[in-house]
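Owing to the predicted nature of the structure, the values given are computational and were not obtained by experimental measurement.
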Amino acid sequence: MPSSAAGAARHVLCMKWGTKYGPEYVNILYAMVRRHLSGDFRFICLTDDASGIRPEVTCLPIPALDLRPEAPGVRDRAWRKLTTCSATLGGAYGLHGTALFLDLDVVVVGSLDEFFSTRPGEFLIIKDYKRPWRVTGNSSVYRFEIGAHTDVLSNFRAHEVEIRQQFRNEQAYLSDFLHRQGRLGYWPKTWCPSFKYHSIPMWPANYWREPYIPPGARIVIFHGEVNPPDGLSGQRNRRFRHIRPAHWIAQHWKV
């Protein structure tokens with residue numbers, strides 16, 4: 001494991017487990033970050049399988065979470081992402097400084113510099129797109145100081161059953177816990193738009209206009225049924241009904 005002396009002041013974290021996303025998602029994400037983040041940073045993938053991941057990426061095991069078995073038909077809903085708050089990152093892994101977490105299925109389209117320089121010291125996350133009156137954030141992009149929020153994970157471990165009954169997923173619990181502490185903040189509204197809600201033209205224009213990059217976007221978030229390759233190919237699905245190919249994705253989602 002790396003020592004604290006080797007750790008950089010800025011870290012970009014992602015997480016890959018299981019088989020849903022291949023190593024190409026990590027490799028492309030690194031390339032997008034390198035093109036859009038000036039200066040030095042360290043790119044780290046927390047993963048259960050480092051095969052095929054490019055050498056510029058530091059691969060580390062996902063800290064243990066030891067979830068209780070799921071009820072039949074219930075998914076784990078990304079609870080593993082809570083391990084980014086684990087003391088292991090600053091302890092055994094020797095990481096110190098600021099971390100920006102990115103989901104694998106995002107497309108970086110603008111500068112990331114201000115994600116590290118804006119409002120230091122807070123836990124910053126995307127404001128809920130669909131129900132903006134809620135405190136819940138979208139955890140596709142969040143920033144925190146490594147080691148500053150270990151109580152998020154220790155509280156989850158102590159009350160897992162109740163928490164998983166009360167909250168639909170990890171981002172709902174994470175947002176609620178940090179909001180109660182007064183430590184939750186949100187990115188500027190235009191920085192992390194949703195492909196689903198902000199890029200696809202409204203019906204019926206979605207049949208003749210392709211999805212576009214919303215003004216002011218830095219990172220376009222792909223959540224739900226469509227990921228970047230689907231958006232690029234214009235793949236149909238049950239919710240969006242029709243999507244024209246978003247050719248701009250190919251300009252950004254590449255190594």
*asked:* Looking at M32, is its backbone amide N or carbonyl O close enough to the side chain of W253 to form a donor-acceptor pair, meaning the two atoms are under 3.5 Å apart?
replied: no
*What pairs with F101 under ring pair (Phe, Tyr, Trp, His ring centres under 6.0 Å), at least two apart in sequence or on another chain?*
Y142
*Checking N27 side chain against G52 main chain: does a donor-acceptor pair fall under 3.5 Å?*
yes
*Test the K16-Y21 pair against the cation-pi criterion, namely NZ or CZ under 6.0 angstrom from the six-membered ring centroid and within 45° of the ring axis.*
no
*To the nearest 0.5 Å, how far apart are CZ in R218 and CD in E114?*
4.5 Å
_Whether the D128 and T136 side chains hold a donor-acceptor pair (N or O, under 3.5 Å, no angle test) is what I'd like checked._
no
*Just do the salt bridge (Lys or Arg N to Asp or Glu O under 4.0 Å) check on D103 and K81 with the steps written out, would you?*
CA-CA 10 Å; D103 271 352; K81 288 169 70 174; 3.0 Å; yes
*Backbone N or O of Y173 within a donor-acceptor pair of the D176 side chain at under 3.5 Å?*
no
*Any donor-acceptor pair under 3.5 Å linking the side chain of R143 with the backbone of F115?*
yes
*Y186 and H179: aromatic ring centres closer than 6.0 Å?*
no
*Quick one: list whatever passes ring pair (Phe, Tyr, Trp, His ring centres under 6.0 Å) with H198, sequence neighbours left out.*
Y129
*State which residue, out of W203, W208, Y207, fulfils the ring pair (Phe, Tyr, Trp, His ring centres under 6.0 Å) condition with H242.*
Y207
*Hey, what do you get for CG (L89) to CG (L153), rounding to the nearest 0.5 Å?*
10.5 Å
*From CZ (R157) to CG (L82), nearest 0.5 Å*: 9.5 Å
*asked:* If we ignore hydrogens and angles and just use 3.5 Å, is the side chain of N227 paired with the main-chain N or O of D105 as donor and acceptor?
replied: no
*Backbone N or O of H247 within a donor-acceptor pair of the E210 side chain at under 3.5 Å?*
yes
*Could you give the distance from CD1 (I219) to OG (S140), rounded to the nearest 0.5 Å?*
9.5 Å
_Nearest-0.5 Å distance, CE of residue M15 to OG1 of residue T84_ = 6.0 Å
_Return the CG to SG distance between D48 and C59, rounded to the nearest 0.5 Å._
10.5 Å
